[in-house]
Each structure stands twice: as C-alpha cells, then as structure tokens.
Amino acid sequence: MHASALRAELVKLHRAPIWVAFIVVPLVAAAIGTFNYQNNLEILKLGWFDLWTQHTLFESMFFLQALVGASCSWLMRLEHRGANWNQLMASPVSAARVLAAKLAVGWLMLGVALAATGALFIACGKLIGLSGLPGPEYAQWLALAWVGGVASVACQLFVSLVIRNFAAPVGVAVIGGITGFFAYAYDSGYLCPYALIVMALNSNGHGAIGAGQMVPFLATTAAFTLLALGAAVLVLSRRDIRTS
Amino acid sequence: MRTLALEFAKLHRKRVWLIVLAMVAATLAWVYVGARQGGAGSPDGWQSMLYAAPLMNSVFLSLLAAVVASRVADVDHEADAWKELLCLQRTAPLLAGKLACAVLIMACATALETAGIIAIGLAMDFPTMPGTPTWAVFFFSQLASCLGIVVIVGSIALRWENQFVSIATGLALSLAGLFSSFLPAVLQRLVPSGYFTLLSCTRIDWVASTSAPVFYEVPFSWGDLVLLAAISATFLSWSYMSFSRREH
Amino acid sequence: MEACVATRGLSKAYGKSEVVSGLNLCVPAGSVYGFLGPNGAGKTTTMKMLVGLVRPSNGSATVLGKQVTPRNRVLINARVGSLIESPSCYPHLTARENLEIVRSLRGLSKSAIDEALATVRLERTGTKLVRAFSLGMKQRLGLAAALMGKPDLLLLDEPTNGLDPAGIQEIRELIRELPVERGCAVLVSSHLLSEIDQMSEYVGIISHGKMAWQGPIRELHAQARRWLALRTTDDTRAAQLLEAAIDADGWVQVGALGDDDAARMSLMLMREGIGIIRLEERREELEDIFLKLTGTGVSL
C-alpha cells in the first residue's frame with residue numbers, strides 16, 4: 001500500500017463534526033441576507049442578482065475568510081498538541097506532502113461552505129418566490145471562488161503553523177479579508193491573496209471575472225498558494241520541531 | 001486581584017495585545033473611510049462617526065471579544081491545567097479572574113477605539129465636538145455589549161475544549177451583529193451582538209426625498225442594558241454550574 | 001562491528017547553551033542499547049536529531065547506513081520507529097483510528113494495526129476514545145505506533161513512563177525480544193540504571209550533553225570497584241597496620257586482594273593478637289558508578 005498523508009488527514013476528521021460550521025455560517029448568512037432582501041424590495045429590483053449580493057457580500061469578505069482561518073487553526077492544532085509533530089515528522093512523509101494534505105482538506109472544507117452557499121441561495125430564492133432559476137454564471141462564480149480560495153487556505157495554514165494558538169490566526173484571516181476587500185475596491189485585488197474569493201464571487205456587483213481575466217486570476221492564485229505553501233514547507237522542514 | 005494578575009501572567013507571550021491592536025485598527029480604518037465620505041469639516045461628522053462605530057463594533061468588537069474570551073479560557077485547556085488549578089483555587093474566583101481579565105482587555109480595546117475616533121474627528125476638523133458625557137456613554141455602552149459576548153463565548157470556550165466551537169459561535173454572533181440593526185427591534189434584542197447598536201444613543205433617520213441622513217440622539221436605553229445583563233447572568237450561571245459539576 | 005546508529009561530534013546548542021556536545025554514539029546492529037542519563041542530560045534532543053526532528057548545530061549522525069539530512073529523512077524514517085517525549089495521539093479518535101493514521105503515513109497493510117494492538121494488548125479498547133485513556137494506555141498506544149511496520153531500528157524515549165509494574169515488566173520483555181525475533185535494534189533511554197541493566201547489552205551514559213561512558217554493560221560491571229570489609233577485635237590498630245580507612249559504619253576497608261594476600265593479611269593480624277570477627281567482600285553498586293560518571297550527587 002502506498003503511503004498517504006491525505007488519507008491520514010481524512011482519518012483525523014472522524015468524530016470531529018466541524019463541517020457543521022461550514023453549513024451553519026452560510027445558513028446564518030443566507031437567513032439574514034434573505035430577510036434583508038425581503039425588507040428592501042423597493043430598492044432591490046434585480047431579483048436573483050440582488051439576493052446573491054445580499055447573501056454573499058459580507059460572507060465572502062469576512063465570514064468565509066474567518067471560517068477558513070478557524071479550520072486551518074484546527075488542522076494545525078491537531079499537531080501542535082502534545083508531541084504530535086514528533087510522530088508526524090518522524091514518519092516517512094516529507095514536509096511538503098504533510099502540508100499539501102492539510103491544504104487539500106482545508107480546501108475541501110471551503111468547498112463544503114461554498115456548496116452550502118449555492119444550495120441555500122437557490123433554496124431561499126425559491127422560498128421567497130423568485131421566478132425561474134438563477135443562471136449558470138452563479139455556479140461558475142462559486143467554482144472560481146473555490147479555486148481562488150485555495151490561496152486563502154494556504155496563507156492561513158502558514159499563519160497557523162507559525163502562530164500556535166487557535167484564535168489569533170482567525171483574527172489574521174479577518175483582517176486579511178478586509179484588506180482584500182479594500183484592495184479589490186481600489187482595483188488592486190491581485191496584490192492580496194484574500195481578495196481572490198471576493199473577486200470571484202462578484203458579491204459587490206463590480207463585475208464578474210471574464211474570460212480575459214481568467215489567466216491573471218489563475219496565475220495569481222497559483223503564485224500566492226505556492227508562495228505560502230513554500231514558506232510553510234521551509235518552516236516545517238528547516239526549523240526544529242517544537243512540542244508543547 | 002491576585003487571580004486577575006495570574007490570568008494576565010498566563011497570557012504573557014500569547015500575542016493577545018497584537019490581535020487587539022489589529023482589530024481596533026481595522027475598526028478605525030472602517031470608521032475613517034466613512035468619515036471621509038462626509039468630507040473634512042462636515043457639520044454632522046461627529047454624529048456620523050458615533051452612529052457608524054457601534055455598527056462596526058457589532059462585527060469587529062464582537063469577534064474580538066470572542067477571540068479574547070476563547071484565548072483566556074483556552075490557556076488552561078492548552079496547558080491541561082484545570083486539575084492543578086482547581087486544587088489551588090476555588091471555581092468561583094478562578095472563573096471571576098478569567099472574566100475580569102477578558103473584560104479588562106476589552107475595556108482597553110474600547111478605550112483605544114474611543115480615543116481613535118476622537119483623533120479622527122479632530123484630524124477631520126469636525127465642528128462642535130461632543131462633551132465628556134457623550135463619550136462616557138459611548139464607551140460604557142460598547143463595553144457592556146462586549147461583556148455580553150465575552151460571557152457567552154467564554155462559557156462555550158470553557159465547556160468545549162475544541163476552540164473551533166467557540167470561535168465559530170463568535171463568527172456567527174459577529175455575522176448576526178452585522179445584520180441585527182436591520183432587524184425589527186424585538187428580534188434584535190434576541191441577538192447578543194445587536195446590543196452595540198441598541199445601547200448606542202445616536203440614531204439615524206433617512207429622509208427619503210433628499211436621501212440625506214439626519215442624526216438624532218435618544219436617551220440611554222436602561223431597559224436594554226438590564227436585558228443584556230439578564231442574558232449575561234444566565235450564561236454566567238450556566239457556565240459556573242456546568243463547570244463546577246464537571247469532573248476534571 | 002556494524003553500527004546501525006553512529007554519530008560523530010553530534011552537538012546541539014540553543015543560543016549559548018549547548019545541550020548536546022560532541023556526542024559519539026554507537027549503537028551496534030541487532031542489540032538493545034540503553035541510553036542513560038539524568039533528566040535534562042540531552043537524551044531526548046539526541047534522539048530527535050537521529051530522526052531529523054531537530055537539526056544538529058554541529059557534527060553528524062548516520063542511521064542505518066545513511067547520513068541524517070533533511071533530504072534523507074524520509075528514506076531513513078521509513079525504517080525507523082520512534083516514541084519520543086510523550087506518545088503522539090489524537091484524543092478525539094479511538095486507538096484503532098490513531099493507528100490508522102500511522103498506517104496511512106507509513107503505507108502499511110491493514111493487518112499491521114491488529115498486530116500492533118495485540119503486541120501492546122490494546123485490542124479490546126473498541127470505541128473508547130484516547131481522551132479517556134490512562135497515561136499507561138496512551139504509552140502503550142505510542143509503543144504500538146512505533147512498532148508498526150516492523151522497523152529495523154526503534155528509538156524509545158523512556159518507554160515505561162506511566163506504566164504499572166506488570167506493564168513495565170511486559171514492555172521490558174518485549175524490548176529484550178525485539179532483536180532476537182525481528183532483528184530490530186533498539187535505542188532505549190531511561191534515567192533508571194537498574195532498568196537499563198535488565199534489558200540492554202550496551203549502555204551509553206550521558207551527562208550534561210557529553211558521553212561519560214559507552215560500551216557493553218558487562219564492562220561496566222567489571223569496572224565496579226571491589227574491596228574487603230572487616231571487623232576485628234581492635235579496628236583502630238588493624239586499620240593502622242593495614243594502612244586502611246574505617247568507613248562510617250565502623251568497617252575497616254581494604255582494597256581488593258587476591259587469595260594469597262588475603263591469607264597473609266589474616267595471619268598478620270593474628271600474629272598481632274587481633275581477632276577477625278567478620279570478613280566480607282564488597283562491590284560497588286552500578287548506581288554508584290553511574291553517579292560517579294555523571295557527576296551528579298543527587299539521587300535519580
């Protein structure tokens with residue numbers, strides 16, 4: 001049998017119902033967003049699109065980032081406890097593979113949250129009687145957000161690797177999300193890894209990522225991801241392992 | 001007093017103050033962006049800030065309060081120290097020390113924010129600065145709201161060692177706080193993070209015809225403060241009972 | 001002699017304080033090597049350097065024929081099992097699930113888990129979470145994780161920590177059998193000399209980061225000082241005549257003597273009119289040698 005760091009990470013998810021948060025946070029966002037939409041029907045006249053911005057604006061720049069931060073903290077806290085780094089790093093798996101496995105799991109969690117966001121969007125829309133179904137572009141935005149979000153996950157894994165407590169990296173994620181929002185608002189979203197989710201979701205109606213922007217978007221995502229992952233690999237493989 | 005000092009000693013090198021600074025800075029940045037829209041010397045500049053800050057606080061300070069509460073409770077989870085602590089201290093002073101520690105940190109954060117708002121207002125040349133009572137009410141209303149969050153999230157952080165639970169709760173509260181001011185007041189009172197705006201004395205009235213906001217003052221809502229105190233007390237006693245009943 | 005662990009001038013400094021300095025460790029293949037030293041002597045840090053968890057600030061280590069480098073770490077660790085500091089475990093999982101993680105990381109077959117659980121007698125813990133395990137059970141789980149995949153070398157850091165007397169005996173037996181049954185070399189650390197004496201053929205004694213003594217444990221036994229202790233009808237004169245010292249309990253201590261010399265001594269005392277009441281051969285305890293070598297007056 002082939003050695004697999006990813007399988008090991010998936011076993012660690014047993015009996016840890018943290019995915020609940022990945023449904024509850026979008027659920028709260030959807031509930032409040034829908035309520036807000038209903039109360040402002042006189043200004044919001046675009047139907048599905050207005051409902052979309054109500055659902056995702058704050059979720060994308062703030063809560064999704066914090067949720068990514070919390071899950072990365074959780075993934076790293078598993079190892080920060082006791083002497084767990086000893087076992088992990090004394091096994092025949094390279095630092096890069098350990099971190100890549102954690103990245104994959106964190107990314108999967110983000111996928112759950114985005115899928116929940118999409119499903120809740122349609123459900124709430126039908127519930128309040130919007131006609132028809134939203135266009136396929138929404139699915140494309142969610143998919144793009146998932147792709148771009150990998151940069152947030154990588155950055156947060158690095159932060160949680162270096163800062164060994166649970167809550168502080170979540171604060172970093174929130175501030176990152178806000179910085180990303182501002183960076184996007186001032187047309188420099190590509191300078192901030194946390195801006196990619198905001199851009200992809202088109203949650204403030206600035207305009208979706210068109211075919212022409214696809215290449216810079218994907219290139220930036222790849223660059224930030226590799227940079228953060230590389231930094232984390234360097235820290236994990238070159239620094240002495242500390243146990244708490 | 002000694003238990004309070006102990007709690008601060010435990011937080012030594014835990015980078016709590018860094019997070020406080022960063023979060024307050026983020027809040028102030030947001031307030032500043034709002035203030036700039038009115039332009040320098042804007043006649044209702046002070047009011048607009050006093051209105052906007054509690055809105056921001058319901059998002060940022062409630063998250064910060066959650067982070068601080070989780071941190072203060074988690075130190076002893078991390079150190080696996082409950083057994084030893086409870087041999088040396090009784091439950092009540094131990095929890096009181098933790099509560100006091102978190103509240104003191106939040107008091108610093110709120111004071112820092114108040115000072116920052118005053119600094120922004122002065123820098124923007126807003127006319128007729130409000131007097132000390134206004135600032136005192138602002139400070140205490142925001143701090144009281146923080147206290148509610150600290151108690152609720154702290155209870156959860158104590159109860160479940162996995163801090164993902166408490167932080168996710170903090171996030172949900174923060175998210176709810178953001179939208180709570182759009183809810184009807186009855187519903188808003190059910191959201192613990194809604195008290196930042198409920199207790200604030202500066203309100204806004206949109207005049208539809210001109211789309212210019214009009215700010216006005218309301219008297220301090222003692223009723224809501226009592227309600228918040230009742231919610232906090234409920235959580236506090238639940239936390240105390242479940243903590244002292246648990247075997248460590 | 002083939003060595004499966006050999007270090008040359010291995011050192012580790014944190015800031016200005018050197019916790020391991022110039023260590024030349026040599027663990028012969030297929031043996032149990034006891035790594036002995038008081039708390040804080042540098043045993044754990046040395047073991048961490050052998051699996052690449054900590055990078056030496058000077059010197060080098062060769063494990064199973066390969067030099068320990070960040071590049072070689074993965075290759076070496078595929079053949080090394082380790083339990084360093086406290087056992088690693090995820091408290092929200094069961095024993096089986098914890099070993100499932102080790103199995104995935106090492107790419108082993110399903111049966112490896114059952115084997116390891118049976119070896120440490122944890123097969124009946126079922127759905128009990130590790131959170132609810134006693135210290136001893138956690139230690140067994142850590143041992144099981146280290147044993148998984150039949151490694152060629154085992155590094156065990158104070159493996160009997162937290163075990164009850166029966167458990168300690170069981171684990172000692174297990175360690176003693178490993179070289180015979182699996183051809184596996186074991187480097188086991190302890191601060192108890194008696195424990196090392198019971199299970200290992202070789203011993204390395206480390207003190208303040210330096211190797212104080214290393215070699216087969218029987219040579220350590222041979223090093224033990226021997227002497228004769230006697231009581232006579234006139235101890236003071238006897239001591240004068242034999243140029244010997246009197247110890248705190250009033251025994252006259254004479255350096256080790258051959259049979260002839262001992263006979264001559266008794267005849268000489270008799271000629272002087274001094275009767276021998278008691279005559280005993282004494283030898284230094286291993287503990288005393290250990291204390292002398294590590295230069296610690298304190299008891300361990």
Side-chain angles (χ1 to χ4, degrees), chain A residues 1-21 71 73-102 104-105 161 166 230 232-244, chain C residues 12 14 44-45 47-57 70-94 96-110 112 127 129-131 138 141-142 145-146 148-149 151 155 157:
Chain A
M1 216 198 105
H2 193 65
S4 164
L6 182 59
R7 256 191 55 93
E9 286 302 321
L10 292 175
V11 177
K12 293 174 198 172
L13 288 180
H14 282 201
R15 297 169 212 280
I18 65 165
W19 55 269
V20 173
S71 45
S73 271
W74 186 81
L75 285 172
M76 284 301 176
R77 183 183 167 103
L78 283 173
E79 320 304 340
H80 288 323
R81 294 220 68 177
N84 288 4
W85 277 120
N86 283 354
Q87 188 181 70
L88 195 56
M89 297 312 291
S91 60
V93 175
S94 65
R97 285 183 58 195
V98 167
L99 289 164
K102 290 204 179 282
V105 172
L161 175 67
F166 194 96
V233 169
L234 214 62
V235 166
L236 194 55
S237 58
R238 297 287 145 149
R239 261 217 242 155
D240 291 347
I241 299 296
R242 276 199 303 134
T243 46
S244 60
Chain C
K12 178 66 189 179
Y14 290 104
T44 300
T45 308
M47 288 181 141
K48 282 180 155 184
M49 287 193 275
L50 296 181
V51 282
L53 291 172
V54 165
R55 286 155 65 80
S57 43
R71 196 175 289 275
N72 276 345
R73 184 181 68 81
V74 171
L75 282 175
I76 295 172
N77 287 352
R79 298 173 58 200
V80 178
S82 60
L83 167 54
I84 297 177
E85 286 172 312
S86 49
S88 302
C89 55
Y90 301 95
H92 66 289
L93 301 176
T94 63
R96 186 169 286 278
E97 285 163 341
N98 266 285
L99 293 186
E100 183 66 37
I101 290 169
V102 180
R103 184 180 84 82
S104 302
L105 290 171
R106 294 191 164 261
L108 306 171
S109 67
K110 284 264 182 211
T127 55
L129 300 186
V130 170
R131 195 198 312 280
K138 282 184 189 158
L141 180 60
M148 283 205 18
L155 304 181
D157 191 7

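Every chain is numbered from 1, with letters handed out A, B, ... down the list of sequences. Hydrogens, waters and symmetry mates are skipped; everything else that's a heavy atom, side chains included, is used. No experiment lies behind these values; they were computed from the predicted model shown.
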Q. Between C:L155 and chain A, which part of the residue has a heavy atom less than 4.5 Å away: side chain, backbone, both or neither?
A. neither

Q) Going from CD on C:E97 to NE2 on A:H14, what distance comes out if it is rounded to the nearest 0.5 angstrom? A) 6.0 Å

Q. Does the side chain of C:Y90 pick up a donor-acceptor pair with the side chain of A:Q87 at under 3.5 Å?
A. no

Q: Among C:G81, C:C89, C:G52, C:P70, single out the residue with the greatest number of heavy-atom pairs under 4.5 Å to chain A.
A: C:C89

Q) Who wins among C:N98, C:I101, C:V51 for the most heavy-atom pairs under 4.5 Å with chain A? A) C:I101

Q | Taking every non-hydrogen atom, the tightest pair across A:S94 and C:R73 | A | CA-NH2, 3.5 Å

Q: Begin with the C-alpha distance, continue with both residues' side-chain angles, and end with the deciding distance and a verdict on side-chain contact (heavy atoms from CB on, under 4.5 Å) for A:R15 and C:T94.
A: CA-CA 10 Å; A:R15 297 169 212 280; C:T94 63; 3.5 Å; yes

(Q) Which atoms of C:S82 are under 4.5 Å from chain A, going by heavy atoms: the side chain, the backbone, both sets, or neither? (A) side chain

Q | For the student: nearest non-hydrogen atoms of A:I241 and C:V54, plus distance | A | O-CG2, 4.4 Å

Q.
Using a strict threshold of under 4.0 Å (side-chain N to carboxylate O), is an ion pair present between C:K48 and A:D240?
A. no

Q) When rounded to the nearest 0.5 angstrom, what is the spacing between CD in C:E85 and CG in A:N84? A) 11.0 Å

Q | C:R55 portion near chain A, given a 4.5 angstrom heavy-atom threshold | A | both

Q) What distance separates A:N86 CG from C:L53 CG, expressed to the nearest 0.5 Å? A) 5.0 Å

Q) Which atom names give the shortest non-hydrogen contact between C:S104 and A:R7, and what distance separates them? A) OG-NE, 3.2 Å

Q: Would you mind checking which part of A:S91 comes under 4.5 Å of any heavy atom in chain C, side chain (CB onward), backbone (N, CA, C, O), both or neither?
A: both

Q.
Measuring from atom OG of C:S88 to atom CE of A:M89, what distance do you get when rounded to the nearest 0.5 angstrom?
A. 12.5 Å

